[in-house]
Amino acid sequence: MTMKKKVILAYSGGLDTTTIIPWLKENYDYEVIAVCIDVGQGQEIDGLEERALMSGASKLYIDDVTDIFVNDYVIPTLKAGAVYENKYLLGTAIARPLIAERLVHYALKEDAEAICHGATGKGNDQVRFELTITALAPHLKIIAPWRIWDIKSREDAIQYCIMHDIKLNMNKDTSYSRDKNLWHLSHEGLELENPAIEPNQKKILQMCNTIEDAPDESEYVSIEFEEGTPISINGMKMDGTSILRTLNSLGGKHGIGVIDLIENRVVGMKSRGIYETPGGTILYKAHQELEHLCLDKETYSFKQIVATKFSEMVYNGQWFTPLREALSAFVNETQKVITGSVRFKLYKGNIVLAGIESPFSLYNEEISSFDTGELYNHKDAEGFIKLFGLPLKVRALMKEKNNMAYEDVKE
């Protein structure tokens, strides 16, 4: 008896991957093995095995890699200060390389021929999954149903499941395309596809209160870092996962970390989404404040360039690349002095700095004070300004020599 060839399906239990199981069985002679990579999506894991098996999968693996996600992906991205297009904290993008790496692991374990994912042909995730698979196991076949099947919309997918007698826990009116992990929750689709429409946040948000529903009283939080890594909340030592869970709860309560973003996708189009990143937003702000205190001017300036490039590489799915690894090596060197504590006041979506200290602080009160101190001689500024302005003086002399008026130079 010939054994059926196997395919590993990246399975979330959502509409797309639920639809894919019967589609794979109908169109390929494969045994479908569903794999759910748990990166902190919480309740979404409940009842997943029953749903996968009822949809036609032969088995389901649930792989909890939440700690790996936080320690090896989230924190390095936090240290880099990577923010895509000055707004997006890369919640979905950070998780995709890890998910793909684990899919490769199970494909090799099961001796599967292919990996199947539910990313659409218009999205970023197809690029992120496939670049990682290519980097780690180029021999594996990749199946992307959204690029080849006849289903054209989420409504079509719902109808396909109904026709194949597969029960869904969603309907047309609430079928936002969502991606959740411990770092964030994104919402796309339905009325959000029209940027002119104000989102109904009371209907959409799940991690965060709206500003109106946030408490009327402020709350303080203190975060301690060691070499760029958060290690405690309000003096209590915690691992990275516990810190993020704590700050998600705290930030969500105060309506922190909700953005309405129109972004440039890898494939060339713009898309609009609502992103909730409560704990991550607080961590980014705290880390940034420590860097302002502890990094010298030239290092901080260059690190902003690195942060932009790092964010683009993460967004594009280029985690397993020599350049990303080299950028992380640079970032880690800068983080040796990012140790200290930051105190914030949280209030209705706002994060207000309420104090910061570090043994590596480059802020010197004796120099910075308006009072004259021994370390700074005001007269030294005169020579500095003359040298700093020398190019301006040389240009002004040239203008005088050539009888050029200020207005002539402007033209």
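Just the heavy atoms: all of them, side chains too, but no hydrogens, waters or symmetry mates, feed the values below.
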Side-chain donor-acceptor pairs under 3.5 Å in residues 87-95, sequence neighbours left out?
| from | atom 1 | to | atom 2 | distance (Å) |
| --- | --- | --- | --- | --- |
| Lys87 | NZ | Asp260 | O | 2.8 |
| Tyr88 | OH | Gly91 | N | 3.4 |
| Tyr88 | OH | Thr92 | N | 3.0 |
| Thr92 | OG1 | Asp179 | OD2 | 2.9 |
| Thr92 | OG1 | His184 | NE2 | 3.0 |

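In the model, Gln335 has a side-chain atom that pairs as donor or acceptor with a side-chain atom of His287 under 3.5 Å. Side-chain contact annotation: Tyr347 with His254, donor-acceptor N/O pair under 3.5 Å absent. Side chains of Gln318 and Glu312: a donor-acceptor N/O pair is absent below 3.5 angstrom, by distance only. Side-chain atoms of Glu31 and Ser58 form a donor-acceptor pair, as typed in the model, at a separation below 3.5 Å.
Tyr73 has its ring centre less than 6.0 Å from the ring centre of Trp319. Taking the six-membered ring for Trp, Tyr61 and Tyr11 have ring centres at least 6.0 Å apart.
We find the OG-CG distance between Ser177 and Asp16 to be 6.5 Å, quoted to the nearest 0.5 Å. Rounded to the nearest 0.5 Å, atoms CD (Glu188) and CD (Glu263) are 6.5 Å apart. The CD1 atom of Ile351 lies 10.0 Å from the CD atom of Gln288; values are rounded to the nearest 0.5 Å. Here Ile37 contributes atom CD1 and Tyr106 contributes atom OH; the two are 6.0 Å apart, rounded to the nearest 0.5 Å. One distance of note links CG of Leu244 with OG1 of Thr241; it measures 7.5 Å at 0.5 Å rounding.
Seen from the ring of Tyr315, Arg128 counts as a face-on cation partner, given the 6.0 Å and 45° thresholds.
Among Tyr28, Tyr30, Trp146, Tyr160, the single residue meeting the ring pair (Phe, Tyr, Trp, His ring centres under 6.0 Å) criterion with Trp23 is Tyr28.
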